[in-house]
Amino acid sequence: MSDAGATHPRHRLNETVHAPVRFSIMAALVAADQAEFGFIRDAVQISDSVLSRQVGVLEAAGFVAVRKGYVGKRPRTWLSLTAEGRQVFADHLAALRAIADGP
C-alpha cells in the first residue's frame with residue numbers, strides 16, 4: 001500500500017465524535033453558547049439516560065462542559081461545547097465533507 005492512503009480524509013475523523021448520537025449532540029450544541037439538557041434531549045430525540053451517558057463520554061473527552069444549577073427551586077443542567085469541542089467538531093465535519101466531495 002502506498003503512503004497516499006494515509007492522506008485519505010477518513011483518517012481525520014474523530015472516533016468519539018463519529019458515533020451518531022454524539023455527533024447529533026455536538027451538532028445541536030454548536031450553534032449555541034449553552035443549551036438546557038431537556039432541549040438537547042428533545043432535539044436529538046433520545047432518552048434522558050442515553051443523553052446523560054453520551055454527554056459523559058463527551059465531557060470525559062473534554063468536548064462538552066456540563067453546568068448544574070437551579071431555576072427557582074428546580075434543578076437544571078446546561079450543556080455547552082468547549083473550545084476544544086468546537087474545534088474537533090469543525091475538523092470532523094471538514095473530514096466528512098472531504099470524503100463526500102471525493103477525490
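Values reported hereafter were calculated over all heavy atoms of this structure, with side chains retained and with hydrogens, waters and symmetry mates removed.
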Report summary line: Val57 meets the side-chain contact (heavy atoms from CB on, under 4.5 Å) criterion, sequence neighbours left out, with Thr16, Arg22
Query raised in the report: Would the Phe89 and Phe63 ring centres measure less than 6.0 Å apart?
Result: no
Query - Cationic N near anionic O, under 4.0 Å, Asp91 to Arg12 - result: no
same_hphob_cluster([X], [Y]) at 4.5 Å side-chain heavy-atom cutoff:
X: Val30; Y: Ile46; answer: yes
X: Val66; Y: Leu51; answer: yes
X: Phe37; Y: Trp78; answer: no
X: Val17; Y: Leu93; answer: yes

Query raised in the report: Does a sphere of radius 6.0 Å around CG in Asp33 hold more than 12 heavy atoms from other residues, nucleotides or ligands, not counting ones at 6.0 Å or beyond?
Result: no
Query raised in the report: Counting only heavy atoms not in Arg74, do more than 12 fall under 6.0 Å of its CZ?
Result: no
Report the distance from atom [atom1] of [X] to atom [atom2] of [Y], rounding to the nearest 0.5 Å.
X: Ser52; Y: Arg41; atom1: OG; atom2: CZ; result: 12.0 Å
X: Ile99; Y: His11; atom1: CD1; atom2: NE2; result: 9.5 Å
X: Ser80; Y: Arg86; atom1: OG; atom2: CZ; result: 8.0 Å
X: Asp48; Y: Thr77; atom1: CG; atom2: OG1; result: 9.5 Å

Query raised in the report: Minimum heavy-atom separation for Gly62 to Glu84, with atom names?
Result: O-OE1, 3.7 Å
Report summary line: Tightest non-hydrogen contact, residues Gly38 and Glu36, listed as N-OE1, 2.9 Å
Query - Sub-4.5 Å side-chain heavy-atom contact between Met26 and Leu81 - result: yes
Query raised in the report: Taking side chain as C-beta onward, heavy atoms only, is His92 less than 4.5 Å from Leu13?
Result: yes
Report task. Let me see the working for His18 and Leu96 under side chain to side chain contact (heavy atoms under 4.5 Å, CB included), right down to the final yes or no. Result -> CA-CA 10 Å; His18 197 62; Leu96 287 172; 4.2 Å; yes
Query raised in the report: Taking it one step at a time, do Val64 and Thr82 satisfy side chain to side chain contact (heavy atoms under 4.5 Å, CB included)?
Result: CA-CA 5 Å; Val64 169; Thr82 63; 5.8 Å; no
Query raised in the report: Between Ser24 and Val44, is there a donor-acceptor pair closer than 3.5 Å when you use the side chain of the first and the backbone of the second?
Result: no
